[in-house]
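A note on names: the letters A, B, ... follow the listed sequences, proteins ahead of strands, and every chain is numbered from 1. Only this structure's heavy atoms are used, side chains among them; waters, hydrogens and symmetry mates stay out.
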Number of protein chains: 2
Amino acid sequence: MNRKNPPTARPRSAAAVLSIGQVAKNAGVHVETIRFYEREGLIAQPPKPSMGIRRYPQDTVHRIRFIKHAQALGFSLQECRELLELRGDDPQACALMRHHAQEKLSAIRAKLQALSQMEGVLTELLEACQQGRIGKDNPCPILKALDAED
Amino acid sequence: MNRKNPPTARPRSAAAVLSIGQVAKNAGVHVETIRFYEREGLIAQPPKPSMGIRRYPQDTVHRIRFIKHAQALGFSLQECRELLELRGDDPQACALMRHHAQEKLSAIRAKLQALSQMEGVLTELLEACQQGRIGKDNPCPILKALDAED
DNA sequence: CTAGACCCCGTATCCGAGTACGGAATCAAG
DNA sequence: CTTGATTCCGTACTCGGATACGGGGTCTAG
């Protein structure tokens with residue numbers, strides 16, 4: 001159990017062996033996304049052996065997964081670009097990463113606040129709208145709120 | 001109390017009296033925004049009296065405020081376009097408005113869930129990153145998580 | 001009457017994260 | 001050898017909500 005792949009099975013520094021389509025499939029993205037990331041400098045474009053197709057190292061797959069994981073935590077591609085620099089065993093990297101993560105956490109909490117503000121107002125308005133039937137004299141509370149002067 | 005504006009004070013169907021700049025100032029938006037809304041069909045563009053400037057009715061200000069209020073509750077301009085149709089005293093409008101509001105509330109709650117998921121993961125990772133100093137053998141938990149296979 | 005502010009109109013640009021298109025070349029299978 | 005799938009490459013487009021630019025016309029105060 002928990003047996004790691006023997007060195008022969010998945011060498012960490014494998015040669016460039018994958019076509020772009022295989023990288024895409026392994027990383028779970030579209031080919032165009034890889035091209036896009038290359039243009040954006042997020043991943044390196046391997047040299048083209050004139051009269052042939054490019055071959056990508058396994059690490060490209062890891063880089064893309066890294067990006068996708070960071071995105072899932074709310075990081076933009078620009079931020080991913082910075083985070084990718086921190087990959088590796090640099091002891092300073094951890095502190096920087098922590099800093100980025102804390103900033104992102106603050107940003108997420110700010111968004112959460114804004115959204116739950118919206119949720120609160122909408123909920124209130126909907127409650128006001130349920131009770132006391134509308135139509136006679138008093139207008140829809142929601143529409144009234146949207147029409148409000150202030 | 002609750003006295004409605006006498007017809008003489010603020011006639012509901014006032015004549016077209018405002019320049020676009022005055023509308024902008026009163027509504028708290030930029031002139032370009034008004035032009036943009038006109039292009040998008042959110043507000044009507046008054047006819048131009050050839051050799052002169054356009055004059056906007058007061059209601060344009062109200063429409064823009066309406067849009068801004070709806071935006072503040074999370075509605076897109078496309079949705080605002082639909083909500084604007086509901087302005088007025090139509091008894092059906094309230095039911096439709098309520099429906100839109102409920103849908104939006106669900107969408108907001110979904111976003112809240114997604115964001116608080118992110119918040120949770122980031123918080124956990126940051127906690128794991130604080131305790132147990134890094135650098136010797138064990139890598140930064142956050143970077144490790146981003147590098148994870150799955 | 002002139003300077004400066006405002007208005008008109010069309011077009012282009014921005015952000016972010018891709019997606020789409022299309023022609024040419026190359027690869028893999030039958 | 002032919003057919004179909006991939007790859008390559010550049011360019012353009014998408015969505016949403018504006019914002020910016022530029023060269024005119026018009027309005028208002030002094």
Engineer: Is a side-chain donor or acceptor of B:Arg87 paired with a backbone partner of A:Asp147 at a separation under 3.5 angstrom?
Structural biologist: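 Answer holds: no.
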Engineer: Take atom OH of B:Tyr56 and atom P of C:dC6, then tell me their distance rounded to the nearest Å.
Structural biologist: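 One finds 16 Å between P of C:dC6 and OH of B:Tyr56, rounded.
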Engineer: Within residues 103-113 of chain B, which residues have any heavy atom lying less than 4.0 Å from an atom of DNA chain C?
Structural biologist: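 Result for residues 103-113 of chain B: none.
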Engineer: Taking the side chain of A:Ile20 as its heavy atoms from C-beta onward, which of C:dC7, D:dT19, D:dT7 lies nearest to it?
Structural biologist: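 Comparing C:dC7, D:dT19, D:dT7 against the side chain of A:Ile20, the answer is D:dT7.
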Engineer: Provide, to the nearest angstrom, the distance between the CD atom belonging to B:Glu79 and the C1' atom belonging to D:dG16.
Structural biologist: 12 Å
Engineer: Can you check each nucleotide of nucleotides 22-30 of chain C against protein heavy atoms at under 4.0 Å and return B for base, S for sugar-phosphate only, - for none, in 5' to 3' order?
Structural biologist: ----SS---
Engineer: Evaluate the criterion side-chain contact (heavy atoms from CB on, under 4.5 Å) for residue pair B:Gln71 and B:Lys68; output intermediate values, then yes/no.
Structural biologist: CA-CA 5 Å; B:Gln71 279 188 314; B:Lys68 286 296 163 192; 2.9 Å; yes
Engineer: If I take atom CD in residue B:Gln78 and atom C1' in nucleotide D:dC15, what distance separates them, rounded to the nearest angstrom?
Structural biologist: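 Rounding to the nearest Å, CD of B:Gln78 and C1' of D:dC15 are 12 Å apart.
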Engineer: Could you check whether any side-chain N or O of A:Arg65 sits under 3.5 Å from a backbone N or O of A:Asn26, counting only pairs where one atom can act as donor and the other as acceptor?
Structural biologist: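 Yes, because the side chain of A:Arg65 sits within donor-acceptor range (under 3.5 Å) of the backbone of A:Asn26.
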Engineer: Please tabulate, for the side chains in residues 112-121 of chain A, all donor-acceptor contacts under 3.5 angstrom to protein atoms that are two or more places apart in sequence or on a different chain.
Structural biologist:
residue	atom	partner	partner atom	Å
A:Ser116	OG	A:Leu112	O	3.3
A:Ser116	OG	A:Gln113	O	3.3
A:Glu119	OE2	B:Arg109	NE	2.7

Engineer: Counting only side-chain N and O atoms of A:Ser19, is one of them less than 4.0 Å from OP1 or OP2 of D:dT7?
Structural biologist: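 It does, given that an N or O in the side chain of A:Ser19 lies less than 4.0 Å from OP1 or OP2 of D:dT7.
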Engineer: Just by distance, do the side chain of A:Lys104 and the backbone of A:Gly74 share a donor-acceptor pair under 3.5 Å?
Structural biologist: yes
Engineer: Would you say a side-chain N or O of A:Thr33 is under 4.0 Å from OP1 or OP2 of C:dT19?
Structural biologist: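 Yes.
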Engineer: Counting N and O atoms only, with roles assigned by atom type, does the side chain of A:Glu79 sit under 3.5 Å from a partner on the main chain of A:Ser76, one being a donor and the other an acceptor?
Structural biologist: yes
Engineer: Return the residues of residues 66-74 of chain A meeting this criterion: a heavy atom under 4.0 Å from some atom of DNA chain C. Order them by number, or give none.
Structural biologist: A:Lys68, A:Gln71
Engineer: Please answer whether the main-chain N or O of A:Ser19 pairs with a side-chain N or O of A:Gln22 as donor and acceptor at a distance below 3.5 Å.
Structural biologist: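 Side chain of A:Gln22 to backbone of A:Ser19, a donor-acceptor pair under 3.5 Å: yes, one is there.
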Engineer: Take atom CD of A:Glu32 and atom P of D:dA12, then tell me their distance rounded to the nearest Å.
Structural biologist: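 That distance rounds to 18 Å.
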Engineer: Verify the cluster assignment for A:Ile34 and A:Ile53: are they in a single hydrophobic cluster under the rule of side-chain heavy atoms below 4.5 Å apart?
Structural biologist: no
Engineer: Starting at atom CZ of A:Phe36, determine the distance to atom P of C:dC21, rounded to an integer number of angstrom.
Structural biologist: 18 Å
Engineer: Over how many whole Å does the gap from A:Lys25 atom NZ to D:dT7 atom C1' extend?
Structural biologist: 15 Å
Engineer: Round to a whole Å and report the spacing from NE2 of A:His30 to C1' of D:dT14.
Structural biologist: 15 Å
Engineer: Scan residues 27-39 of chain A for pairs that pass salt bridge (Lys or Arg N to Asp or Glu O under 4.0 Å), counting only residues two or more places apart or in two chains.
Structural biologist: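 Listed once each, the pairs would be none.
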Engineer: Scan A:Arg35 against the nucleic acid and name what it touches under 4.0 Å (heavy atoms): base, sugar-phosphate only, or nothing.
Structural biologist: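 It contacts base atoms.
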Engineer: Check the distance between D:dT6's C1' and A:Ile34's CD1 and give it to me in whole angstrom.
Structural biologist: 13 Å
Engineer: Working note: A:Arg63 + A:Leu42, criterion side-chain contact (heavy atoms from CB on, under 4.5 Å); need CA distance, chi angles, decisive distance, verdict.
Structural biologist: CA-CA 8 Å; A:Arg63 275 181 86 86; A:Leu42 289 159; 5.9 Å; no
Engineer: Which residues, if any, of residues 37-45 of chain A bring a heavy atom under 4.0 Å of DNA chain C?
Structural biologist: A:Tyr37, A:Arg39
